[in-house]
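Worksheet: the structure to be examined is printed underneath.
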Amino acid sequence: MTTLTINGKEIQASAGMTVLEAARQGGIEIPTLCYLKALGPFGVCRLCIVEANGPGLIPSILPSCNLKVFNGLVITTDSTIIHEMRRTMIELLLASTRLTESLRELAIKFGVETSGFTTTKQDPCILCGLCVRVCRDRIGVSALSFEGSNDNENVVAEEIRINKDVCIGCGTCANICPVQTIKLEDTESERKIILYGSVASRFELIKCDMCGVPHTTQKFVESVVSRLDEDQKKGFKNLCPECARHYYANSMTGQFPAIEG
Amino acid sequence: MQKRAKDGIVFVDASLCVGCKSCITACPWGVPQWDKTTGKVLKCDYCKNRIDKGLKPACVTKCTAHALKWISAAEASELKRVQYAREIAKEPV
């Protein structure tokens with residue numbers, strides 16, 4: 001166990017925890033846009049910055065998502081300087097994206113009414129990188145990447161791009177996107193992944209062998225099956241979740257016949 | 001999706017679920033369910049918080065017909081053996 005102080009309150013945290021996790025556990029809210037526990041720290045939105053002081057540490061302003069707890073660490077999450085810096089971050093975000101509900105709420109919370117910066121960007125993407133990271137680190141596909149234009153000398157990410165030959169159409173990026181820049185649209189027979197308002201990849205939806213309802217993409221099924229062991233692979237059936245329940249309940253009890261397609 | 005070592009209960013830690021739906025496609029029993037409102041997967045965890053407090057799952061506690069029971073695998077097989085034996089012996093259960 002590690003003991004640290006956050007906003008004057010003594011907090012017990014397990015070793016290896018980040019300041020952000022310890023604060024949340026202690027009921028202290030720190031705003032974030034790019035943090036997700038499943039993906040770990042990334043530190044790009046800079047909204048989770050805190051003042052940090054303690055043994056062996058020069059008093060600094062650091063992102064709490066990336067700072068591990070240690071004994072005697074003293075953290076301030078809501079000082080005037082932190083508040084001011086967060087306001088600037090929000091102003092920059094407001095200037096670099098089209099306004100969305102999550103950003104509007106954040107701006108209202110921090111009293112930001114206008115932005116002193118100007119931009120021509122028209123999409124709501126905040127380049128938080130959740131989609132890029134989930135595709136690479138969790139799905140293991142790396143179909144999404146940060147891209148910049150050719151004249152971008154400083155190699156700063158300007159947008160997200162999908163490699164449609166690699167994409168398996170699982171839609172996790174759309175599910176995780178906090179500003180709905182990536183969307184998933186399923187029609188009768190087709191799945192579309194929409195990025196920045198235009199179709200970035202298309203997939204034919206495969207149909208459930210029992211009821212005929214389109215439920216997922218072939219490439220996604222192949223990706224899931226490749227992660228199963230040999231016995232599970234043998235037993236794998238192309239069924240929608242509803243039919244899977246009926247099929248196996250029926251094979252055990254004979255009391256749950258299949259739904260007619 | 002995780003499995004508790006102490007009793008084998010499989011459950012979803014919602015803070016770690018990214019909503020890839022792999023478990024939904026993989027599960028031969030069709031058990032994991034998609035929660036549209038949260039963008040995460042739901043699964044029965046036998047009310048593990050109640051189990052830890054020595055209580056029964058909520059469904060068992062509130063079942064008006066007492067049709068649901070919370071018993072161990074050993075008790076379940078014992079129950080089944082007795083039921084079949086009575087059926088064969090034409091004895092009312």
Side-chain angles (χ1 to χ4, degrees), chain A residues 21 24 35-40 130-131 133-135 137-141 168-178 180 184 206 208 210 215-218 220-229 231-249 251-252 256, chain B residues 1-6 8 10-46 48-49 52 57 59-60 63 65 67-69 71 73 75-77 79-84 86-88 93:
Chain A
E21 285 165 349
R24 285 187 175 171
Y35 178 80
L36 206 66
K37 195 178 167 193
L39 298 174
L130 287 175
C131 55
R133 289 192 292 149
V134 82
C135 190
D137 302 342
R138 288 288 167 267
I139 312 299
V141 165
I168 58 171
C170 66
T172 312
C173 51
N175 186 54
I176 216 167
C177 178
Q180 289 81 50
L184 182 139
I206 55 164
C208 167
M210 274 167 88
H215 63 113
T216 190
T217 69
Q218 184 61 38
F220 180 61
V221 169
E222 284 165 15
S223 153
V224 172
V225 171
S226 73
R227 283 177 270 154
L228 300 176
D229 66 30
D231 277 352
Q232 290 167 331
K233 272 182 194 161
K234 267 184 235 156
F236 186 84
K237 288 192 165 50
N238 173 33
L239 299 175
C240 70
E242 187 83 354
C243 287
R245 275 205 306 283
H246 278 263
Y247 178 84
Y248 285 98
S251 57
M252 273 179 75
F256 299 91
Chain B
M1 192 80 71
Q2 299 171 29
K3 190 174 184 176
R4 278 212 313 201
K6 67 171 177 181
V10 176
F11 67 100
V12 178
D13 179 344
S15 70
L16 293 177
C17 177
V18 293
C20 69
K21 303 188 188 174
S22 295
C23 57
I24 294 179
T25 298
C27 181
W29 310 91
V31 170
Q33 298 291 300
W34 183 243
D35 183 350
K36 261 193 270 183
T37 56
T38 59
K40 290 173 193 291
V41 163
L42 282 175
K43 185 199 163 291
C44 171
D45 63 0
Y46 298 103
K48 63 182 170 59
N49 296 343
D52 289 344
C59 58
V60 175
C63 178
L68 292 169
K69 283 188 179 73
I71 50 175
E75 286 170 302
S77 83
L79 201 70
K80 208 148 206 178
R81 272 206 306 280
V82 172
Q83 266 177 3
Y84 274 117
R86 284 191 168 147
E87 224 166 83
I88 292 162
V93 179

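Below, each value reflects all heavy atoms present in this structure, side chains not excepted, and no hydrogens, waters or symmetry copies. Just so we're clear, the structure is a prediction, and the values are computed from it rather than from any experiment. To find a chain, count down the sequence lines: A is the first, B the second, and so on, and within it residues start at 1.
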* **Shortest non-hydrogen contact from Leu130(A) toward Pro178(A)** => CD1-CD, 4.1 Å

* Pro57(B): what forms a side-chain contact (heavy atoms from CB on, under 4.5 Å) with it, not counting sequence neighbours? -> Cys47(B), Ile51(B), Cys59(B), Val60(B), Trp70(B)

* Asked: Which one of Gly39(B), Ala26(B), Cys20(B), Cys17(B) has the most heavy-atom pairs closer than 4.5 Å to chain A?
  -> Cys20(B)

* Asked: Is it the case that more than 12 heavy atoms not belonging to Phe236(A) sit under 6.0 Å from its CZ atom?
  -> yes

* Residue among Pro32(B), Gly30(B), Cys27(B), Cys23(B) with most heavy-atom pairs under 4.5 Å to chain A -> Gly30(B)

* Of all heavy-atom pairs between Leu184(A) and Cys170(A), which one has the smallest distance, and what is that distance? -> CD1-O, 4.3 Å

* Structure fact -> CG (Leu36(A)) and CD1 (Ile176(A)) are apart, to the nearest 0.5 Å, by 5.0 Å

Would you mind checking chain B against chain A for donor-acceptor pairs under 3.5 Å and listing them?
unit_1	atom_1	unit_2	atom_2	d
Ser15(B)	OG	Lys37(A)	NZ	3.4
Val18(B)	O	Asn175(A)	ND2	3.0
Ser22(B)	OG	Arg227(A)	NH1	3.3
Ser22(B)	OG	Arg227(A)	NH2	3.2
Gly30(B)	O	Arg245(A)	NH1	3.2
Gly39(B)	O	Asn175(A)	ND2	2.9

* **Worked verdict on Val12(B) versus Asp45(B) for side-chain contact (heavy atoms from CB on, under 4.5 Å)** => CA-CA 8 Å; Val12(B) 178; Asp45(B) 63 0; over 6 Å; no

